[in-house]
Each structure stands twice: as C-alpha cells, then as structure tokens.
Amino acid sequence: MPDWIPVAAASDCPPGASIERVADGRMVAVANVSGTYHAIDGLCPHQGGPLGTGALCGTTLTCPWHGWQFDVTTGRHRMSATVRQAVHEARERDGTIEVRLADPNAPCGGRPG
Ligand code: FES
C-alpha cells in the first residue's frame with residue numbers, strides 16, 4: 001500500500017476550489033467538494049492541460065484549456081464513458097492535504113470500477 005503524501009496546506013484548497021500539485025512525480029488535481037477532498041490525475045488526457053487549475057462546480061472539474069469535464073469523485077469524463085482519470089485517495093490531517101496515489105500498475109491504473 002503506497003504511503004500518504006502531503007501535497008498542500010488545507011487552507012490552499014477551501015471548499016469549492018481545486019489545486020494542482022505534484023505527488024511523487026505525478027501531477028494531481030485536488031478538489032475540495034463541500035469539505036471533502038478528492039484527487040484525480042491532473043494531466044488532462046485530451047492534450048495535457050492542467051486539470052487542477054480548472055474550475056470546480058459541484059463535483060465537476062473543467063479543464064481550463066478546452067473544457068473537458070471530469071467528475072472528481074469517479075474520474076469519469078462527463079460525456080464519454082471511455083475516458084477516465086485515475087482516482088487517488090485524499091484526506092486532511094492536521095491542516096495538511098495528503099494523497100495516496102493509485103497503483104499505476106493496477107488494472108485500469110488503479111481506477112475504481
Ligand atoms: S487539454 Fe484538457 S480539454 Fe484539452
């Protein structure tokens with residue numbers, strides 16, 4: 001089981017916000033949905049846009065480059081069932097946001113079914 005990796009102060013990502021961070025060399029988009037943190041791979045599969053810098057509305061994160069939208073709770077693209085980002089565990093501990101990266105070698109890159 002991979003370790004939890006501190007990526008940001010909780011104050012950097014208030015409810016309704018998303019941020020971009022690098023965890024163990026992997027770009028991660030962290031989103032705060034009503035006080036619950038979610039994390040998905042931060043590199044947009046369209047053309048590599050920085051998902052974490054996009055706008056968060058509810059659980060939908062919109063890529064700032066061309067508008068592809070993902071559900072941060074499932075990693076699923078809003079319009080295409082075949083496009084999915086890996087989902088990472090995320091939590092807050094003592095004022096720090098931590099992520100635990102999905103296993104990139106697991107089936108579907110560690111993505112939930
Ligand atoms: S790079 Fe994200 S929508 Fe194009």
Side-chain angles (χ1 to χ4, degrees):
M1 183 66 75
D3 293 331
W4 287 97
I5 302 168
V7 294
S11 58
D12 291 342
C13 190
S18 62
I19 56 175
E20 177 183 73
R21 290 293 186 270
V22 176
D24 200 19
R26 200 162 168 177
M27 190 182 294
V28 175
V30 178
N32 183 336
V33 178
S34 302
T36 300
Y37 294 99
H38 300 273
I40 62 175
D41 265 357
L43 204 60
C44 181
H46 179 219
Q47 290 184 359
L51 285 178
T53 66
L56 180 69
C57 183
T59 63
T60 299
L61 182 59
T62 300
C63 179
W65 283 9
H66 314 101
W68 282 26
Q69 295 184 313
F70 297 86
D71 187 317
V72 295
T73 66
T74 64
R76 291 178 189 268
H77 188 279
R78 285 292 188 191
M79 300 297 285
S80 172
T82 61
V83 178
R84 296 171 62 191
Q85 295 292 87
V87 175
H88 311 291
E89 294 180 80
R91 70 181 184 186
E92 185 267 330
R93 286 289 183 271
D94 299 323
T96 298
I97 302 169
E98 299 176 332
V99 299
R100 186 154 63 186
L101 299 175
D103 181 355
N105 298 315
C108 301
R111 298 168 192 168

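Each residue takes its place number in the sequence, starting with 1.
Using a 4.5 Å heavy-atom threshold, the side chains of Leu101 and Val28 count as touching. For the pair Cys44 and Pro50, the minimum side-chain heavy-atom distance is 4.5 Å or more. Annotation: side chain of Thr59 is in contact with side chain of Arg78 (closest heavy-atom distance under 4.5 Å). Considering only heavy atoms from C-beta on, Cys63 stays 4.5 Å or farther from Gln69 through its side chain.
In terms of hydrophobic clustering, with Ile, Leu, Val, Met, Phe, Trp and Tyr side chains grouped at heavy-atom distances under 4.5 Å, Val99 and Leu51 are assigned to different clusters. The same ILVMFWY cluster, assembled from side-chain heavy atoms under 4.5 Å apart, contains both Val33 and Val87. Residue Ile40 is grouped with residue Leu56 when hydrophobic side chains (ILVMFWY) are merged at heavy-atom distances under 4.5 angstrom, including chains of intermediate members.
With rounding to the nearest 0.5 angstrom, the CZ atom of Arg76 is 13.5 Å from the OG1 atom of Thr60. The distance from the CG atom of Leu61 to the CZ atom of Phe70 is 8.5 Å, given to the nearest 0.5 Å. From Arg100, atom CZ reaches atom CG of Asp24 across 14.0 Å, with rounding to the nearest 0.5 Å. A distance of 6.0 Å separates CD in Glu92 from OH in Tyr37, rounded to the nearest 0.5 Å. Between atom OG1 of residue Thr74 and atom CZ of residue Arg84 there is a gap of 7.0 Å, rounded to the nearest 0.5 Å.
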Give every donor-acceptor pair under 3.5 Å between a side-chain atom in residues 4-13 and any protein atom, sequence neighbours left out.
residue : atom : partner : partner atom : Å
Asp12   : OD2  : Ala9    : N            : 3.4
Asp12   : OD2  : Arg21   : NH2          : 3.3

Is there a side chain to side chain donor-acceptor pair (under 3.5 Å) between Thr96 and Asp94? Walk through the geometry before answering.
CA-CA 6 Å; Thr96 298; Asp94 299 323; over 6 Å; no

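Partners of Trp68 by ring-ring contact (aromatic ring centres under 6.0 Å, His included), not counting sequence neighbours, listed by chain and number: His46, His77.
Arg93 has no carboxylate O lying under 4.0 Å from a charged side-chain N of Glu98, or vice versa, which leaves the two without a salt bridge.
Here the shortest heavy-atom pairing between Gly54 and Pro64 reads CA-CD, 3.8 Å.
With Asp41 contributing its side chain and Leu43 its backbone, the two residues share no donor-acceptor pair below 3.5 Å. Side chain of His88 to main chain of Ala102: a donor-acceptor pair is present (N/O by atom type, distance under 3.5 Å, no hydrogens or angles).
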